[in-house]
Amino acid sequence: MNPYFWPPEKMMTQLRVSNRMNREEQLKWYRNGIPAIQLDRAAIPGDGIEQLDEQERARLAQVFAAERSALDWIKFTPASGAASRMFKALFEGMQFLQDHPGQSLDAQNDARVFLDKLVEFPFYPELQSLLQEQGLDWPIAKDGAAELAVLELVLDKEGLNYGSLPKALITFHRNENQAVTALEEHFKEGIEYAGSNPSVRLHFTISPEHQQSIQEITQVISNRLGDTHQFQLEFSTQDKSTDLLAVNPDNTPVILASGNELYRPAGHGALLQNLNNLEAELVFIKNIDNVAADPEACQILTYKEALAGLLIEWKTQIHEQLKALKQEGTLETAAEYIRTEFGHEVKSVEEAIQFLNRPIRIGGMVVNTGAPGGGPFWVKNKDGVANLQIVEKSQIDLSNPAQKSILESSTHFNPVDLVCWIRDVDGNPFDLFAFRNDETGFIAEKSHAGEPIRAMELPGLWNGSMDGWLTRFVEVPESTFNPVKTVMNLLDPNHRSSH
C-alpha cells in the first residue's frame with residue numbers, strides 16, 4: 001500500500017486553472033441570478049435512456065473483463081461529507097431532552113424510534129460496552145435521562161462520536177460480527193472491479209480534519225483485505241480556494257465578527273479540480289454512502305461492469321473516427337457517424353474533431369420512486385441544440401409551466417453511478433475545466449449565526465461540470481442504489497443482509 005496526498009505544487013497548478021470566478025463575478029451572479037436550465041424534454045427509455053437485456057449486460061461485462069488488466073483505471077469516491085445530517089433526528093431528540101429535563105421522548109419521535117430499534121443497528125456491538133459502563137442496556141427505558149445518555153453516547157466524542165465523523169467512518173454493515181465501515185465497502189467494490197488483477201486504485205476526497213483518522217483506518221482495512229490485492233490509495237481535499245462568497249438577503253457580503261467576509265464550500269462541483277488531477281484514463285465515480293451489505297445480490301458489480309464495457313466500446317468507436325479524421329482529413333464518414341449517433345451536423349473536419357474529442361461518460365439511472373436529487377434530461381444549449389444532461393430540480397424554473405411539466409414527466413433519477421473516460425484520442429489528459437458550463441449552478445437560502453444568508457454552489461460535478469461531455473444514460477435496477485441519508489436507512493434490507 002502506498003497512500004499519499006497530492007503534492008502542493010501539483011494542487012496549486014490546478015488552482016490556477018480552476019479558480020475562474022473572482023469576487024466581483026460572484027456578486028454579479030447573486031444580483032442577476034444564475035440562468036435556469038432550459039429543458040427540452042425528459043430523458044426516458046427509448047429517448048435518452050438505454051435498457052440492456054441480460055444477454056447484452058453479460059456481453060458488455062465481458063468487454064470490460066477482457067480489457068481491465070490493460071486499463072489505467074481508478075475508483076473515485078467523494079468521501080468528505082459529514083454524517084451530521086444522517087443523525088439529524090438524533091440531534092433534535094437530544095436537544096429536546098436537554099431543553100425539557102424530566103420529560104421523555106414521545107413514542108412517535110424519530111429519536112425514540114431509533115432507540116427502540118437500537119440493537120438492530122450494525123454499530124450496536126461497539127456501543128454496547130459503552131452503555132454497560134453507564135448501567136444502560138437495550139431496551140432503553142422510556143426515561144428522559146436514560147434516553148439522553150444513549151443519544152450522547154452515539155453522537156458525542158466521549159462515545160462513538162458519530163455526530164462529528166464523516167460518513168466514510170460510520171459502521172454501515174456487519175460481516176461475521178465484524179464492523180464494516182462505508183469506507184471498507186468501497187475497498188471491497190474496488191477488489192471486484194479488479195478481478196484477477198492484483199492492483200486496486202482508490203481515490204477518496206476527504207476533509208482535512210479527518211485525514212489522520214481515515215489514513216489509520218485505511219491501513220487497517222488494507223491489512224485485512226490485502227491478501228490477494230495491493231491497494232494504491234490516493235486522498236485529496238476540497239481546497240479552500242474553491243469556497244464562494246456568501247451574501248445577505250440584500251446581496252451584500254456577509255461580514256464575520258473578525259471583519260472578514262464569509263466564504264463557504266462550493267458544493268461537490270469544487271471536486272472537478274480533484275477529478276482533473278487524476279492520473280487515469282477510466283474513472284468509476286460513486287458516492288461514499290451508496291453501498292450494500294451484499295453487492296452481488298444487489299447486482300451492483302454486474303451493472304457496473306456492463307457500464308464500463310459500454311464505455312470502452314463507445315470510446316473505441318469515437319476514437320476510431322477521430323484517428324481517421326486526423327489521418328485521412330476527409331469528413332464524410334465522421335459526419336455520418338455524428339449525424340447518426342448524436343443527431344448533430346458538422347461542416348468541417350476541424351468541427352468534427354472538436355465535437356468528438358471530449359471526455360466521455362456513461363451514467364446509470366434508476367426509476368424515480370420519489371427520491372430527491374437530479375435526473376436525466378435533454379437540455380437545450382445556447383445554440384438551441386438538445387443534449388443529455390443531469391439536472392437538479394433547483395436548476396429548473398418551476399414558475400414556467402412548460403418547464404415544470406417536463407420535470408413532472410421525468411421517469412428516472414440520478415444515483416451517481418458513473419463510468420468516465422478522461423483522456424483524449426492521443427492518450428493525453430483532458431483539461432476538464434474546458435468542458436464545464438460556468439453559467440450553471442444554483443443559489444440556496446441558508447443561515448449563519450441564526451441569520452438568513454444566500455450561498456452559491458459551483459456547477460455540480462455531474463451537472464454543469466460535465467456539461468460538455470459526450471454522454472449516454474443506461475437504466476440500472478433500483479437495487480443498485482442504496483444511499484444512507486438517515487441513520488434509519490441502515491435498517492433497509494440491502495444494508496442488513498450480512499448481519
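All figures in this text were calculated on a predicted structure; none of them were measured in a lab.
Residue Gln55 qualifies as open at atom CD: its count of foreign heavy atoms under 6.0 Å is 12 or below. For CD of Glu54, the number of neighbouring non-hydrogen atoms (other residues, nucleotides, ligands) closer than 6.0 Å is 12 at most. Enclosure of atom CD in Glu478 is not indicated, since only 12 or fewer non-hydrogen atoms of other residues, nucleotides or ligands lie within 6.0 angstrom. By the neighbour-count criterion of 12 heavy atoms within 6.0 Å, atom NZ of Lys117 is sparsely surrounded, having that number or fewer from other residues, nucleotides or ligands. Residue Gln108 qualifies as open at atom CD: its count of foreign heavy atoms under 6.0 Å is 12 or below.
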Q | side-chain contact (heavy atoms from CB on, under 4.5 Å) between Leu310 and Glu50, intermediate numbers included | A | CA-CA 11 Å; Leu310 182 59; Glu50 303 171 41; 4.2 Å; yes
(Q) Apply side-chain contact (heavy atoms from CB on, under 4.5 Å) to residues Val476 and His412 and explain how you reach the verdict. (A) CA-CA 10 Å; Val476 296; His412 284 66; over 6 Å; no
Q: Using the side chain to side chain donor-acceptor pair (under 3.5 Å) rule, take Asn387 and Gln389 through it: C-alpha gap first, then chi angles, then the decisive distance, then the call.
A: CA-CA 6 Å; Asn387 53 37; Gln389 300 291 341; 3.1 Å; yes
(Q) The test is side-chain contact (heavy atoms from CB on, under 4.5 Å); show your working for Phe64 and Leu60 and say whether it passes. (A) CA-CA 7 Å; Phe64 171 68; Leu60 290 170; over 6 Å; no
Q: Decide side-chain contact (heavy atoms from CB on, under 4.5 Å) for Ile390 and Phe473; before the verdict, give the C-alpha distance in whole Å, the side-chain angles of both, and the deciding distance to 0.1 Å.
A: CA-CA 10 Å; Ile390 296 169; Phe473 295 139; 3.7 Å; yes
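Note on Asp106 versus Arg112: no salt bridge recorded, every NZ/NE/NH1/NH2 to OD/OE distance being 4.0 Å or above. By the 4.0 Å N-to-carboxylate-O rule, Arg358 lies too far from Asp424 to be salt-bridged with it. Salt bridge present: Glu313 and Arg59 bring a charged side-chain N and a carboxylate O closer than 4.0 Å. In summary, Glu192 and Lys188 do not engage in a salt bridge, as defined by a charged side-chain N under 4.0 Å from a carboxylate O. Taking 4.0 Å as the cut-off between side-chain N and carboxylate O, Arg174 and Glu126 count as a salt-bridged pair. Residues Arg201 and Asp72 are paired through a salt bridge, judged by an N-O separation under 4.0 Å between the basic side chain and the carboxylate. Using a cut-off of 4.0 Å between Lys/Arg side-chain N and Asp/Glu carboxylate O, Arg496 and Asp492 are scored as not salt-bridged. Between Arg224 and Glu184 there is a salt bridge, with a side-chain nitrogen of the basic residue lying less than 4.0 Å from a carboxylate oxygen of the acidic one.
Counted by atom type alone, Gln95 and Asp99 present one or more donor-acceptor pairs between their side chains at under 3.5 Å. In summary, the side chains of Ser236 and Asn274 do present a donor paired with an acceptor at a separation below 3.5 Å, with no hydrogens or angles considered. Side chains of Gln273 and Thr242: a donor-acceptor N/O pair is absent below 3.5 angstrom, by distance only. Side-chain atoms of Arg361 and Thr471 form a donor-acceptor pair, as typed in the model, at a separation below 3.5 Å. In the model, Glu189 has a side-chain atom that pairs as donor or acceptor with a side-chain atom of Tyr193 under 3.5 Å. Between the side chains of Thr77 and His203, not a single donor N or O lies within less than 3.5 Å of an accepting N or O.
Listed for the Glu475 side chain is no donor-acceptor partner under 3.5 Å among the backbone atoms of Met365. In terms of modelled atom types and a separation under 3.5 Å, the side chain of Ser465 and the main chain of Trp462 share no donor-acceptor contact. In terms of modelled atom types and a separation under 3.5 Å, the side chain of Asp156 and the main chain of Gly159 share no donor-acceptor contact. Judged purely by atom type and a 3.5 angstrom limit, Asn287 has no side-chain atom pairing as donor or acceptor with the backbone of Asn290. In this structure, the side chain of Thr171 does not engage the main chain of Phe123 through any donor-acceptor pair within 3.5 Å. Of the possible donor and acceptor atoms, none in the side chain of Ser394 sits under 3.5 Å from a partner among the backbone N and O of Phe442. Between the Trp138 side chain and the Glu120 main chain, no donor and acceptor come within less than 3.5 Å of each other. When atom types are taken as modelled, the side chain of Arg57 and the backbone of Leu52 share a donor-acceptor pair closer than 3.5 angstrom. Gln395 places a side-chain N or O within donor-acceptor distance of the main-chain N or O of Glu392, the cut-off being under 3.5 Å. The backbone N or O of Leu491 lies less than 3.5 Å from no partner atom in the side chain of His495, so there is not a single donor-acceptor pair.
Here the side chains of Leu271 and Gln238 are in contact, with some heavy-atom distance below 4.5 Å. Side-chain contact between Pro359 and Leu432: present, with at least one pair of heavy atoms (C-beta onward) separated by less than 4.5 Å. Under the 4.5 Å side-chain criterion, counting only non-hydrogen atoms from C-beta, Gln232 is not in contact with Val200. With contacts defined as side-chain heavy-atom distances shorter than 4.5 Å, the pair Phe204/Leu202 qualifies. By the 4.5 Å heavy-atom criterion applied to side chains, Leu461 and Leu275 are counted as neighbours. A 4.5 Å side-chain heavy-atom check between Val484 and Phe172 finds at least one atom pair inside the cut-off. At a threshold of 4.5 Å between non-hydrogen side-chain atoms, the residues Ser222 and Leu233 count as touching. A 4.5 Å side-chain heavy-atom check between Pro45 and Thr411 finds at least one atom pair inside the cut-off.
Counting all heavy atoms, side chain and backbone alike, Ala89 lies closest to Ala111 at O-CB, 3.7 Å. Nearest heavy-atom pair across Thr440 and Pro459 is OG1-CB, 3.2 Å. The shortest heavy-atom contact between Val366 and Phe481 is CG1-CB, 4.1 Å. Nearest heavy-atom pair, His229 versus Ala194, reported as atom, atom and distance to 0.1 Å: CD2-CB, 4.1 Å. Nearest heavy-atom pair across Thr480 and Cys298 is CG2-O, 3.4 Å. Taking each heavy atom of Thr181 and Ala168 in turn, the nearest pair found is CB-O, 3.5 Å.
The ring-ring contact (aromatic ring centres under 6.0 Å, His included) with Phe284 is formed by just one residue from the set Trp421, Tyr303, Phe76, Trp73; it is Trp73. No option in Asp431, Leu458, Asn463, Asp467 other than Leu458 meets the side-chain contact (heavy atoms from CB on, under 4.5 Å) test with Arg436. For the side-chain contact (heavy atoms from CB on, under 4.5 Å) with Phe231, the qualifying choice from Asn223, Ile191, Ile221 is Ile191, the only one to do so. A side-chain contact (heavy atoms from CB on, under 4.5 Å) with Met86 is found for one member of Asp289, Asn489, Ile170 and no other, namely Ile170. Each of His210, Glu216, Glu209 was checked for a side chain to side chain donor-acceptor pair (under 3.5 Å) with Gln212, and the lone residue meeting it is Glu216.
Interatomic distance, Ile318 CD1 to Lys315 NZ, rounded to the nearest 0.5 Å: 10.0 Å. We find the CD-CG distance between Glu92 and Leu97 to be 12.0 Å, quoted to the nearest 0.5 Å.
Ring centroids of Phe87 and Phe114 are separated by 6.0 Å or more, keeping the two rings apart.
Not counting sequence neighbours, Tyr263 has no partner by the ring pair (Phe, Tyr, Trp, His ring centres under 6.0 Å) test.
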